[in-house]
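Working notes for the structure below.
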Amino acid sequence: MKIAIGSDHAAYDMKQFIIQHLEDRGIEVMDVGTNSAERTHYPIYGQRVGKAVANGEADLGITICGTGIGIGISAGKVKGIRAAIVSDTYSARMARQHNNANVLSFGARVVGPGLAQDIVDSFLDHEFEGDRHAIRVKMIADIDEGKDITEIP
Ligand code: RB5
C-alpha cells in the first residue's frame, strides 16, 4: 500500500509524526510537502494529494492542516476524490466502510498525536463494504460528472 500525505505549515510536525508511524507499519509513503513550518497555503498540498490518489500514484491519501478542513475541501475538489474530514476513530472507520473515502483529513490543532495515530490506523485497517453503500458512492461519482441526483436507483 502506498499513501500520499500532505500538510500545510500548521500541521508540518504532525505530518512528520504520521509519516514515521506509517513507515513503522511498513507502508510506503509519498510526501507531497510542505517541507517546513514556514507559512504556506493548504490548497497546494490538498490538490497534490488528491491528484496522486486520483491518478493512481497512491492508493489512499492523508491531508492535514490546522483543522483538516481547508486541505480536505481542497483535496475533495479533485475529480474522483472522496475526502473525509474527521476527528474520531469511529468516523475514520465509517469513512472507509460506508463512504469508500480515499482521502483522510484531520486537524493538527484538533487532535493530539495519539488520537491522530489511531484515526490513521482506523482508516487504513478497514475496507469498503460495498453493497447498498456502493449505490450511494456511485451517486457521488455522478455528482462529479455533473449529473443531477434526482431518482432513487
Ligand atoms: C492556517 O492558519 C489554517 O487556516 C489552516 O491550517 C487550516 O486550519 C485551514 O483550514
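Both counts, for ligands and for their atoms, begin at 1 and track the order of listing. FYI, side chains are in, hydrogens and waters are out, and symmetry mates aren't considered; it's all heavy atoms of this structure.
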* Can you find an N or O of Asp8 that's nearer than 3.5 Å to an N or O of ligand 1? ->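 Such a contact does occur with ligand 1.
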* **Sole residue of Ile19, Val120, Leu60 in side-chain contact (heavy atoms from CB on, under 4.5 Å) with Ile3** =>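 Only one option passes, and that is Leu60.
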* Please say whether more than 12 non-hydrogen atoms of neighbouring residues, nucleotides or ligands are located less than 6.0 Å from CG in Asp148. =>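 No, the 6.0 Å shell around CG holds no more than 12 heavy atoms from other groups.
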In the protein, which heavy atom is nearest to [atom], and how far is it?
atom                    : value
atom 8 (O) of ligand 1  : Thr67 N, 2.9 Å
atom 2 (O) of ligand 1  : Arg109 NH1, 3.4 Å
atom 7 (C) of ligand 1  : Cys65 SG, 3.3 Å
atom 10 (O) of ligand 1 : Gly70 N, 2.9 Å
atom 4 (O) of ligand 1  : Tyr42 CE2, 4.5 Å

* Less than 4.5 Å apart, any side-chain heavy atom of Phe17 and any of Pro113? -> yes
* To do: List every atom of ligand 1 that sits less than 4.0 Å from any heavy atom of Ala10, numbering the atoms from 1 in the order shown and giving each element.
  => 6 (O)
* Structure fact -> If we number the atoms of ligand 1 from 1 as shown, the ones under 4.0 Å from a heavy atom of Gly66 are 5 (C), 6 (O), 7 (C), 8 (O)
* Under a 4.0 Å N-O cut-off, is there an ion pair linking Asp121 with Arg25? -> yes
* Lys/Arg-Asp/Glu bridge criterion (N-O < 4.0 Å) met for Lys2, Glu57 ->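 Answer for the salt bridge query: no.
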* Do you see a donor-acceptor pair shorter than 3.5 Å between the side chains of Tyr90 and Ser122? ->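 The answer is no; no qualifying pair exists.
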